[in-house]
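Here the structure is laid out as structure tokens; the discussion comes afterwards.
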Amino acid sequence: MAKITESGAFMEKFILQPNSSSHQLPLSGLTFAVKEIFDVDGYVTGFGNPDWIRTHPAAVSTAPAIVDVLEGGATCVGKTVMDEMAYSINGENIHYGTPTNPCAPDRVPGGSSSGSAVAVGAGLVDFSLGTDTGGSVRVPASYCGILGFRPSHDAISTSGVIPMSQSFDTVGWFARDPSVLNRVGRVLLHLPNVDPVAPSQIIVPEDCFSLSSIPSDRTTQVLVRSVEKHFGGHILKYVNLGDYVKEKVPILQHFMPKDNEDQTYNIPSLAALSSSMRLLQRYEFKNNHAEWVTTVNPKFGPGLSERIWDAIRTPDENIDVCHSVQTELRAALTDLLKDEGILVLPTVPGDPPKLQSDPASLEVFRARAFSLLSIAGVAGFCQVSIPLGMYNNLPISISLVAKHGSDGFLLNLVETLYDTIQQEAGVARRITN
């Protein structure tokens, strides 16, 4: 397998052409790449690890998500590097190298869909496919300064995709252009083109933005001014999401800290939500892959090895409670957003970490990140990360979340707001500089 050196994004290059050359197809003329977690007929699906490649045969069919975008008129140009077994949000791979973040070469690109994000961010393809379980599209989109969409859970087939944790696994995608993001989404989601609908309310949880190290004039205020220009300020609403979740999802008490540990760096109810998500994720990962890990004893990179073996040793406790948390949270947030409501969140709590950072130094950052990422993840809602330019020479972003099944509405909203958001982000950048 030839390692391609363009930004280190690709594992392998090949061409898969659409069956039809019609220029009327929605994705005609566009190129894309796919994460090495998707089956492509005739190729071994590598899952980010050479021992996996060595112990698995070539796929005998192509994942339906890839087939859909090929039939939509796009051309696939290869497979991209990913974190081993999709078990990291950093984007570093000890075996194949870390794809170079096009916005900040000394920082991680984000994972586990690292190569897919870098391929788009570096302009090597028009869009790419990744997967998002705990944040593996949203995080690298933020770190690489591009658009990244996690769809509603179960909205797109994950057949032909190696499972990580089926309660949270989704097929997501990256693009630089909001029109491309929307067109790809409509093909993958099998949605017709419909006129945009104005949001009924835009909810800004001020406590969640207190977890971010980026000043509000570069994030929330950019979005607020954009919303005011398009829809008027009357639809903006400010809430404390942590208090709302604590009240409406009482079963989270099972995961609340039992002692008086310092919670100044996090929101207790959202930290509990993250704990629930990560417990269920570890349990399902164990069921999927423990036999292979214990039989093959593969070589994993530092940090990842400990995390994977911790998952393999996860006890089968509180799993039913985790599923109840999902049900209660989805009901609570559906009631909060109602029809055409939007929840605004920081995608991540701050700057992309430096390459090869000591994992212990990132503990608080990771805890905050998963508290934010678990909101849409546990509820099964759709979420899009939108770039907001650079702050201190590093990429920043903001996320919009909509209720389950509202993917088409959210894709249209991004396309409607995107240019104004970029203009307002530019104004904010000039003022702070």
Side-chain angles (χ1 to χ4, degrees), residues 1 9-20 25-27 30-49 52-53 55-87 111-117 119-120 125-134 136-137 140-141 148-175 180-181 183-191 284-285 288-289 292 382 407:
M1 183 184 299
F10 283 92
M11 279 293 299
E12 190 169 10
K13 279 209 159 184
F14 50 76
I15 299 291
L16 296 179
Q17 299 277 13
N19 291 328
S20 169
L25 295 171
L27 307 182
L30 299 180
T31 58
F32 73 102
V34 298
K35 183 177 182 175
E36 207 203 4
I37 199 170
F38 290 86
D39 285 349
V40 175
D41 187 13
Y43 295 85
V44 178
T45 309
F47 210 19
N49 182 276
W52 185 277
I53 293 176
T55 55
H56 287 81
V60 295
S61 62
T62 298
I66 297 176
V67 173
D68 280 349
V69 289
L70 287 170
E71 291 180 349
T75 298
C76 181
V77 299
K79 284 193 174 189
T80 56
V81 175
M82 61 176 284
D83 296 67
E84 298 178 72
M85 302 191 82
Y87 221 133
S112 60
S113 308
S114 52
S116 290
V120 170
V125 291
D126 296 302
F127 70 94
S128 61
L129 300 185
T131 58
D132 190 310
T133 301
S136 291
V137 164
F149 198 95
R150 173 200 166 93
S152 299
H153 187 251
D154 279 344
I156 297 171
S157 172
T158 54
S159 177
V161 182
I162 300 174
M164 200 275 185
S165 173
Q166 288 90 330
S167 289
F168 308 107
D169 290 346
T170 62
V171 170
W173 62 101
F174 302 94
V180 171
L181 189 85
R183 284 150 58 198
V184 172
R186 290 187 181 280
V187 168
L188 286 168
L189 292 155
H190 301 167
L191 293 175
E284 292 182 342
F285 180 90
N288 290 325
H289 302 302
W292 180 80
C382 49
D407 305 69

Is any side-chain heavy atom of [Y] closer than 4.5 Å to one of [X]?
X: W173; Y: V69; result: no
X: T75; Y: L16; result: no
X: V40; Y: E12; result: no
X: K79; Y: T45; result: yes
X: W292; Y: M85; result: yes
X: V137; Y: F174; result: yes
X: E84; Y: W52; result: no
X: N288; Y: M164; result: no

Please round to the nearest 0.5 Å and tell me the distance separating atom [atom1] of [X] and atom [atom2] of [Y].
X: L129; Y: I37; atom1: CG; atom2: CD1; result: 12.0 Å
X: R150; Y: I156; atom1: CZ; atom2: CD1; result: 11.0 Å
X: F32; Y: L70; atom1: CZ; atom2: CG; result: 4.0 Å
X: M82; Y: N49; atom1: CE; atom2: CG; result: 9.5 Å
X: R186; Y: L188; atom1: CZ; atom2: CG; result: 12.0 Å
X: T158; Y: H153; atom1: OG1; atom2: NE2; result: 7.0 Å

Quiz item: Can you list the steps and then say if E284 with D169 is a side-chain contact (heavy atoms from CB on, under 4.5 Å)?
Solution: CA-CA 11 Å; E284 292 182 342; D169 290 346; over 6 Å; no

Exercise. List the steps and the verdict of side-chain contact (heavy atoms from CB on, under 4.5 Å) for S157 and V171.
Key: CA-CA 8 Å; S157 172; V171 170; over 6 Å; no

Quiz prompt | Donor on one side chain, acceptor on other, D132 and T170, under 3.5 Å | solution = no

Self-check item: K35 vs S116, side chain to side chain donor-acceptor pair (under 3.5 Å): CA-CA, chis, key distance, verdict
Solution: CA-CA 6 Å; K35 183 177 182 175; S116 290; over 6 Å; no

Practice problem: Step by step, work out the side-chain contact (heavy atoms from CB on, under 4.5 Å) result for V77 and I15. | Solution: CA-CA 5 Å; V77 299; I15 299 291; 4.0 Å; yes

Taking all atoms of both residues into account, what is the closest heavy-atom pair of [X] and [Y], and its distance?
X: S136; Y: T131; value: CB-O, 3.1 Å
X: S152; Y: C382; value: N-CB, 3.6 Å
X: A9; Y: A119; value: CB-N, 4.0 Å
X: V187; Y: D68; value: CG1-O, 3.3 Å
X: I53; Y: E36; value: CD1-OE2, 3.9 Å
X: A33; Y: F10; value: CB-CE2, 3.7 Å

Quiz item: Among S165, P163, S112, which one satisfies side-chain contact (heavy atoms from CB on, under 4.5 Å) with T133?
Solution: S165

Practice problem: Would you please indicate yes or no on a ring centroid separation below 6.0 angstrom for F47 and H289? | Solution: yes

Quiz item: Short question: side chain of D126, backbone of T31 - any donor-acceptor pair under 3.5 Å?
Solution: yes

